[in-house]
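This report concerns only the one structure given below.
Chain A is the first sequence line, chain B the second, and so forth, proteins listed ahead of strands; every chain is numbered from 1.
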Amino acid sequence: MKQPENQLVEHFFRHESANLVAVLTRAFGIRRIDLVEDMVQVAMLEAMHAWKQSGVPEKPAAWIHRVAKNRILDALRREKIHEKAIALSGQSIEGEESVVDQWLEEEQLPDSLLRMIFVCCHPSLERKTQIALTLKTLCGFGISEIARGLMLPEETVKKRIQRAKNSLATANVSLELPDPSQLTQRLDVVHDVLYLMFNEGYSTSHGTEPIRADICEEAARLCHLLCESTCSLPATRALLALMLFHAARFDARTDEHGAIVLLEDQNRTQWDRCLIVSAQSWLAQSKSDQPTTFHLEAAIAMQHCVSPSLAETDWQTIVLLYSRLLQLRESPVYTLNRAIALGQAGETGEALSQLQSLQSCEEMQNYFLLDCAFSHIYELEGNTQAAIDACLIALSKAVVPHEKELLERKLRKLTDQGR
Amino acid sequence: MPKYMFVYRGGHEGMEHTSPEEMQQVMQRWMDWIHAGIEAGWMLDGGAALKPEGAIVNPDLSVFDGPFTESKELVGGYSMVEASDLAAAIELAKSSPMPQSGGTVEVRELPNLGMQNE
């Protein structure tokens, strides 16, 4: 009886299933991904069943790998389709077996995962499908977890993933790494997927399900994998820096009841110093003649992370960085954030005129954050009544419960000030 | 103290759709429960799981492959415990993760035959 000191690290099954799916799909082709997933599931069930009583073996990953590989080889033999597989891959089953063993070696594993990243982020798929498929295949999430994480009905997620698999199989997408001429273009898509994946997990508008923190972690893990590989670009490292700066503040963003804590109220001693240092190092390694939006967003996040307080933040620099972001990409959200930074830097007049310019923007009209921003700038100006009015307008717009709670808290504070 | 064997049946129906996360949780519950029993002294041996496939040898010496029966009736594993009486053993069986996963625990006493190693 093994003692539980060798209890499995968190997410062991999830990550092992993702590793196996990546390697076995690489060996047997994207057309067999369903078979691969089924056999990986069988192997994991077997492992769970065998280990729950007698303890975890010395090398649990190797144990599962062996079982999954054998199950899939059995299945191929049993279904007598291996001739076909051999014809397609030009290898014998025994050949494939040794290839699988080799690819499952720890130092070879990242290569299979990288190939899988490019498959999941294939340009022929829709963005949301890319995210769902990545979570399923590379992060080992179950359908219901993905559905909860992305706030989608389970049925939708299931269909989306199945359709994606079918279309990749029909197109017989190869598991090769993109060739150099395509790399930048393919990486751009991967970056966007990982960025959106991180935002899905990070966004404050969906409450505080623990699974969402997992999504952030997985996005950062995959980005890190890319950064460690030969096919990364400066933008990849900037994106990782950006994720890590945000992740450093993760715990401080919610209180013990799960309610959102605003930047101004966050306990900065709770910010994760190690992550901040690591993020800074990645940002330093991301130097490029052509900074991307990731570079600039990471630079802004860093300004917050290194400031001892809200007041001591270098708002001038943040304004400048937002201006540069706006040169790269027109975005009302950047404009909004720039206006807030302007207000914090003391230029409330300019901030208000920027916000007013946004009022004609269709995207922003029904967006309660614009009114929140107005409220904030009025408050900075000392115009409490105008701040209260703007807050009330924000409350009249569609907001989810915990944002409503946040606004009401703000309103109470303003009303107290007004007395 | 009397010894009992816990025979676990079923509890893995529908597991083919279990997410890796849930799998890990189920396993952790089992390992925690068994370890707690070892610490407390009533779990003599966590035992082992039994693979679902196997064979049946009949009186006429014919041999059948498994599965023998519906999976919910399949013996999935066993453990050895020690308890003051059957009622106490039943309480221990109730505390196992088995009922949560829809399986049963059969509690069987090992008769004391007055052997030396008793």
Side-chain angles (χ1 to χ4, degrees), chain A residues 1-21 37-56 60 64 67-68 71 74 135-149 154 157-158 210-211 214-215 218, chain B residues 5-54 66-67 71-72 74-81 93 96-98 100-101 103 105:
Chain A
M1 174 80 202
K2 294 240 159 48
Q3 296 305 306
E5 41 261 17
N6 59 9
Q7 273 176 352
L8 298 172
V9 289
E10 213 184 347
H11 304 324
F12 169 84
F13 277 88
R14 218 169 73 193
H15 288 157
E16 283 320 313
S17 91
N19 288 347
L20 272 165
V21 169
E37 286 190 335
D38 285 350
M39 293 306 126
V40 168
Q41 179 80 5
V42 166
M44 293 204 305
L45 277 174
E46 261 190 57
M48 186 198 87
H49 192 56
W51 302 349
K52 62 185 187 189
Q53 282 163 273
S54 51
V56 178
I64 297 193
V67 175
R71 288 291 165 275
D74 287 349
L135 288 171
K136 175 88 169 62
T137 313
L138 278 157
C139 311
F141 282 104
I143 297 283
S144 68
E145 289 156 351
I146 298 174
R148 270 189 294 146
E154 271 188 42
V157 172
K158 210 193 243 170
I211 194 139
D214 284 353
I215 292 181
E218 292 298 315
Chain B
M5 183 180 223
F6 285 1
V7 180
Y8 307 115
R9 282 184 212 275
H12 15 68
E13 299 81 35
M15 284 291 262
E16 62 269 28
H17 299 301
T18 317
S19 75
E21 214 76 12
E22 293 160 332
M23 244 181 246
Q24 188 149 355
Q25 284 161 12
V26 170
M27 205 180 101
Q28 201 63 57
R29 274 204 295 275
W30 273 93
M31 288 175 39
D32 289 347
W33 179 68
I34 286 170
H35 185 64
I38 291 171
E39 293 268 283
W42 52 262
M43 177 67 78
L44 302 176
D45 181 358
L50 302 178
K51 289 187 119 190
E53 62 269 19
S71 71
K72 66 177 189 297
L74 203 67
V75 176
Y78 69 93
S79 301
M80 301 294 299
V81 309
S96 83
M98 204 60 192
Q100 280 182 52
S101 43
V105 185

Can any side-chain N or O of [X] pair as donor or acceptor with the backbone N or O of [Y] at less than 3.5 Å?
X	Y	answer
B:Glu21	A:Phe141	no
A:Gln53	B:Gly47	no
B:Gln24	A:Phe12	yes
A:His49	B:Ala49	no

Check each atom of A:Glu46 against the heavy atoms of chain B and say whether the ones under 4.5 Å are side chain, backbone, both or neither.
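For A:Glu46, the contact with chain B is made by the side chain alone.
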What are the two closest non-hydrogen atoms of A:Gly142 and B:Pro20, and how far apart are they?
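Taking every non-hydrogen atom into account, N-CD, 4.4 Å.
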With a 4.5 Å limit on heavy-atom distance, are the side chains of A:Met44 and B:Thr18 in contact?
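A:Met44 does not reach B:Thr18 side chain to side chain.
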Reported CE-to-CD distance for the pair A:Met48 and B:Glu22, which is rounded to 0.5 angstrom
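Reported to 0.5 Å precision, the distance equals 11.0 Å.
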To the nearest 0.5 angstrom, please state how far the CE atom of B:Met23 sits from the OG atom of A:Ser17.
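Between B:Met23 CE and A:Ser17 OG, I get 8.0 Å after rounding to 0.5 Å.
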Worked verdict on A:Leu8 versus B:Met31 for side chain to side chain contact (heavy atoms under 4.5 Å, CB included)
CA-CA 10 Å; A:Leu8 298 172; B:Met31 288 175 39; 5.8 Å; no
Answer with side chain, backbone, both or neither: which region of B:Tyr8 has an atom nearer than 4.5 Å to a non-hydrogen atom of chain A?
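Side chain of B:Tyr8 only, per the 4.5 Å heavy-atom cut-off to chain A.
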